[in-house]
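What follows is a set of notes on a single structure, which appears directly below.
Because the structure is predicted, anything quoted here is derived from the model rather than measured. Note on naming: letters A, B, ... go to the chains in the order of the sequence lines (proteins, then strands), and numbering restarts at 1 for each one.
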Amino acid sequence: MTMIAHELDVARGQLAARQASVVADLLAGRPPAGFDPVAAELTSRILVRKRASAASYACPEVALLPGWRGLFTEYAWQCVEHGCAHDDVVAFRRWLVARPVTPEIGAWLRLAEVYAGERRSCVAIRNGFWSLHIGVGKSVWHVKLTRAPGSRLGRGERS
Amino acid sequence: MSATFGLTAGRTGITGTAVAWRPAVAGLVAQLAAAGDLHFTEVVAENIHLPAVDPRLESLAAGGTVVVPHGVSLGLADAARPDAARLRRLADLATHFGSPLVSEHVAFVRACDTPDAMHGDVLEAGHLLPPPRTRDSLAVLADNIRIAGEQLPVPLAVENIAAVMSWPEDELSEPEFLTELTELTDVGIVLDVANLYASAIARGTDPHADLHRFPLHRIAYVHVAGGRWESGFYLDTHADPVLRAVADLLTDLLETVAPASPGVLLERDEHLSIEAVRADLAVVNGAFV
């Protein structure tokens with residue numbers, strides 16, 4: 001089976017449109033028409049897991065947000081990724097700001113600002129402790145303050 | 001470029017059991033090579049940045065271990081023609097390591113509303129997705145492989161991916177699609193038995209029956225990896241132990257192609273420890289009966 005160049009160009013055009021439509025649906029968590037909905041939904045979840053893993057690899061502080069995978073999935077299915085994983089985390093932060101902010105989310109947004117070098121310090125939960133986070137150059141130092149229900153002082157550590 | 005694939009070619013040096021090279025297991029790979037238990041390995045092309053190659057990998061290659069660059073982002077089944085920069089990276093790595101071949105996937109990884117990715121709105125899937133198995137899609141894939149072959153200094157082999165979903169317009173089965181691909185091009189096959197198992201389970205076919213319909217005579221080498229079950233599907237995670245059923249599929253393959261004995265490479269990318277890799281290797285070696 002061989003195609004002449006013109007036929008191949010037509011095939012490329014049709015394939016491009018079809019792949020773009022299907023990928024847009026999958027990235028938005030929508031089963032494309034005609035696909036098995038269970039398999040398509042699982043494929044969407046696999047895609048968003050990859051995207052979340054890339055975001056948390058690039059910016060490990062993402063994983064400090066309580067319930068981050070669920071929130072990131074909600075974000076990812078609403079917003080197409082543009083740019084690199086760092087850009088994705090910046091967009092995720094913007095998306096979080098635009099929704100009702102719980103105390104946990106608010107604390108994490110301040111922490112993300114420290115990691116991004118936009119804020120010098122903040123108090124936020126890390127590893128079950130309320131901690132003071134201080135940006136020093138490209139590092140962030142953490143000083144444990146209290147752990148609910150009791151309070152305990154911990155040693156500082158750098159990340 | 002002429003292909004050297006085929007189970008009896010035996011010219012690639014890709015034999016025995018191997019482990020994919022990752023920094024976390026570089027010591028183990030070196031140890032296995034030094035003991036004569038590993039003759040080849042594979043690196044993810046996108047993770048190696050010439051000329052700043054990890055000295056442990058350079059040392060391994062200098063000691064005679066065959067290093068195969070394995071791409072994950074070329075998108076040979078994209079509607080667009082393969083990107084020249086990505087092809088150049090594969091070519092440069094093959095030249096650097098003196099590799100007998102490079103490998104990629106039968107997958108599309110990005111979509112664009114026009115076949116010209118330079119001028120359209122590109123959606124990156126961020127993952128290997130199965131193309132529709134239509135004759136038009138096959139023609140585009142074959143043309144992309146032809147273009148890639150013209151720009152690579154060594155032969156290309158392509159891997160079957162783990163596909164959870166199938167397209168409603170599929171005209172060919174996966175074995176038929178790959179068989180016709182090898183007839184249209186001189187491409188070799190990296191047969192991933194874990195991927196084959198995952199795809200067969202997802203579409204409700206018998207993995208062993210599918211295996212026997214693959215173009216086994218075009219195998220360049222074999223992949224195996226661990227995975228786990230989720231929602232009735234088998235996911236090829238590269239993060240969990242190698243399943244007994246996958247090891248059985250490997251045994252079936254090795255018995256089918258005997259006396260030829262293709263190289264078998266274990267992939268592990270998460271929960272990556274020497275203990276986990278050694279445990280997986282024991283399962284893989286146990287598949288050689």
| task | Taking the side chain as every heavy atom from C-beta outward, state whether B:P132 and A:Q19 have any pair of such atoms under 4.5 Å apart. | result | yes
| query | Taking A:A33, A:A16, A:G13 one by one, which has the highest count of heavy-atom pairs under 4.5 Å against chain B? | reply | A:A16
| task | Could you tell me which of B:R81, B:E124, B:E183 has the largest number of non-hydrogen atom pairs under 4.5 Å with chain A? | result | B:R81
| query | Taking A:V80, A:I46, A:V10 one by one, which has the highest count of heavy-atom pairs under 4.5 Å against chain B? | reply | A:I46
| remark: Nearest heavy-atom contact between B:P168 and A:G34 is CB-O, 3.5 Å
| Which distance, rounded to the nearest 0.5 Å, do you find between the CG of A:L15 and the CG of B:D78? | 8.5 Å
| Testing B:D136, B:V140, B:T134 for side-chain contact (heavy atoms from CB on, under 4.5 Å) with A:Q14, which one passes? | B:D136
| What is the distance from atom CE of B:M165 to atom CG of A:D36, rounded to the nearest 0.5 Å? | 11.0 Å
| request: Could you walk me through whether B:E230 and A:R49 pass the salt bridge (charged side-chain N to carboxylate O under 4.0 Å, His left out) test, one step at a time? | output: CA-CA 14 Å; B:E230 182 176 321; A:R49 272 181 214 158; 2.5 Å; yes
| field | chain B contact via A:R12 - which portion, at a heavy-atom distance below 4.5 Å | value | both
| said: Are there over 12 heavy-atom neighbours, none belonging to A:H6, within less than 6.0 Å of that residue's NE2? | reply: no
| B:S231 versus A:R45: any side-chain heavy-atom pair under 4.5 Å? | yes
| Under 4.5 Å from a heavy atom of chain B, the part of A:A24 involved | both
